[in-house]
Amino acid sequence: MQIATWNVNSLRVRLPQLLDWLGANQPDIVALQETKLPDAAFPAAEIGAAGYHVVFNGQKTYNGVAILARTPLSGAVIEIPSFDDDQRRVLAASCAGVRVVNLYVPNGQAPGSDKYEYKLRWLKALRVWLRAELAQYPRLLVLGDFNIAPDDRDVHDPEAWVGSVHVSEPEREALGELLQIGFLDVFRQFDQPPQAFSWWDYRAGAFRRNHGLRIDLILASRVLAPRCTGCRIDRLARSAERASDHAPVIASFDI
DNA sequence: ATGGTGGGCAGCCCA
């Protein structure tokens, strides 16, 4: 089974690329972030015609998440319980015997900003929720745009980025505390090329120069992680004309 | 080089 995560940065713009990509890669489950569409405008018919079931949690202009799957999805949850938030960043569903939690973690803007404090509060509430989810669903996958580069291998120029949003210690600690409750970053279970990133700024030729960060992650519970047989980043999708600023990340599982 | 580019919605916000 192949499961993927992709921040599409507007599903309206990226739908043709997504449909091409689904045809070429045939993933079983796909978590999308930054769909930027209200639910009434979600292209469910086009995605259905491509052979995928879909659940979505969107809003106008900002945020928005969706899960696509070849087999039916059930038990959708659209927010972190007991965390009051009007930003649509969370979608969990069950599929093919696995529980999937799709996340668009807040960007955080810059340490010290209101958005940064919101990011840390959000991550704290997420951890409380995921601990309970893990107890209920041992076969749990948590994937999406985490907006945190786990360590310096995931940063093109760690010295230039010291203390910046996406790499700051409080953010990395929050991610570490999440992993501690029982998840593994499956990308690092395998040999990977150096300088492997999943996001590159649109500006300053960052993709051409491979000035990126690895902030799109697939976390597997301790039960599922040993079933993972590979994980890769699809840079080809990022090189397309009018591409998203994120590349898809794909993991294979022997399930 | 404190800019640069892209998406969304209508002169900025957000990434």
Side-chain angles (χ1 to χ4, degrees), chain A residues 5-21 30-43 46-47 56-66 85-91 102-123 126 143-150 154-168 170-172 174-175 197-217 233-249:
Chain A
T5 179
W6 192 6
N7 180 323
V8 292
N9 185 20
S10 171
L11 185 53
R12 208 188 301 272
V13 171
R14 235 63 71 187
L15 181 61
Q17 291 180 41
L18 173 66
L19 296 175
D20 285 351
W21 189 84
V30 183
L32 303 178
Q33 304 86 37
E34 284 204 273
T35 54
K36 298 186 174 179
L37 287 169
D39 289 346
F42 193 90
E46 290 89 337
I47 286 169
F56 40 91
N57 177 28
Q59 68 186 96
K60 193 178 165 183
T61 309
Y62 302 118
N63 309 311
V65 283
D85 194 359
D86 52 13
Q87 302 190 28
R88 312 326 289 164
R89 299 180 172 278
V90 170
L91 182 57
N102 177 15
L103 303 176
Y104 176 45
V105 175
N107 177 289
Q109 192 181 50
S113 67
D114 289 348
K115 293 194 182 82
Y116 184 84
E117 293 308 315
Y118 163 68
K119 181 180 195 173
L120 295 181
R121 281 191 291 110
W122 194 96
L123 288 165
L126 176 69
L143 76 174
D145 177 358
F146 281 72
N147 269 311
I148 302 171
D154 305 310
V155 181
H156 72 91
D157 185 351
E159 288 172 18
W161 278 79
V162 169
S164 298
V165 73
H166 310 306
V167 310
S168 72
E171 292 169 85
R172 284 179 166 172
L175 178 61
F197 308 123
S198 67
W199 168 84
W200 301 259
D201 200 298
Y202 282 122
R203 297 165 288 187
F207 181 65
R208 178 174 51 78
R209 297 151 68 181
N210 198 30
H211 289 181
L213 303 176
R214 189 177 70 92
I215 56 177
D216 298 273
L217 310 179
I233 297 167
D234 181 14
R235 291 176 50 95
L236 183 63
R238 178 62 177 81
S239 67
E241 200 66 36
R242 214 179 178 195
S244 168
D245 46 351
H246 294 252
V249 183

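FYI, side chains are in, hydrogens and waters are out, and symmetry mates aren't considered; it's all heavy atoms of this structure. Residue numbers start from 1 in every chain, and the chains themselves are labelled A, B, ... in the order their sequence lines are given, proteins ahead of strands.
Distances from the side chain of A/Asn107 to the nucleotides B/dA15, B/dG8, B/dC13 place B/dA15 closest. Closest approach to the A/Thr61 side chain among B/dC9, B/dA15, B/dG7 is made by B/dC9 (side chain taken as heavy atoms from C-beta onward). Of the candidates B/dA15, B/dG8, B/dT5, B/dA15 carries the atom nearest the A/Lys115 side chain, counting heavy atoms from C-beta on. Distance from the side chain of A/Tyr202 is smallest for B/dT5 among the nucleotides B/dT5, B/dC14, B/dG8.
Here the side chain of A/Thr5 pairs no donor or acceptor atom with the backbone of A/Val249 at under 3.5 angstrom. For the pair A/Thr35 (side chain) and A/Val8 (backbone), a donor-acceptor distance under 3.5 Å is absent.
Here the separation of B/dC12 from B/dA1, taken at their P atoms, is 29 Å to the nearest Å. For the P atoms, the distance linking B/dT2 with B/dA15 amounts to 24 Å, nearest Å. Remark: the separation of the P atoms in B/dC14 and B/dC9 is 14 Å, to the nearest Å. With P as the reference atom, B/dA10 and B/dG6 are 22 Å apart, rounded to whole Å. Taking the C1' atoms as reference points, B/dG11 lies 15 Å from B/dG7, given to the whole Å.
You'll find the side chain of A/Leu19 stays beyond 4.5 Å of the side chain of A/Pro16, heavy atoms only.
Aromatic ring orientation, A/His166 versus A/Trp199: tilted (interplanar angle from 30° to 60°).
To the nearest angstrom, P of B/dC13 lies 16 Å from NZ of A/Lys60. In this structure, the CD atom of A/Gln17 is 13 Å from the C1' atom of B/dG6, given to the nearest Å. The interatomic distance linking A/Lys119 (NZ) with B/dA15 (P) rounds to 10 Å, in whole Å. Distance A/Asn7 CG to B/dG6 P: 16 Å, rounded to the nearest Å. Rounded to an integer number of Å, the gap from CD1 of A/Ile215 to P of B/dA15 is 12 Å. Taking atom CD of residue A/Gln59 and atom C1' of nucleotide B/dC13, one finds them 13 Å apart after rounding to whole Å. Atom P of nucleotide B/dG7 and atom CG of A/Leu37 are separated by 14 Å, given to the nearest angstrom. Between A/Trp199 atom CH2 and B/dT5 atom P the separation is 15 Å, expressed in whole Å.
Contact annotation for A/Tyr104: backbone-only contact, meaning every heavy-atom pair under 4.0 Å involves sugar-phosphate atoms and none involves a base.
Nearer the 5' end of DNA chain B, as judged by each residue's closest nucleotide, is the contact made by A/Arg12, out of A/His246 and A/Arg12. Annotation: of the two residues near DNA chain B, A/Tyr62 and A/Asn9, the 5′-most nearest-nucleotide partner is A/Asn9.
The phosphate of B/dA15 has neither OP1 nor OP2 within less than 4.0 Å of any side-chain N or O from A/Arg203.
In summary, the side chains of A/Asn57 and A/Arg88 do present a donor paired with an acceptor at a separation below 3.5 Å, with no hydrogens or angles considered. In summary, the side chains of A/Asp234 and A/Trp21 do present a donor paired with an acceptor at a separation below 3.5 Å, with no hydrogens or angles considered.
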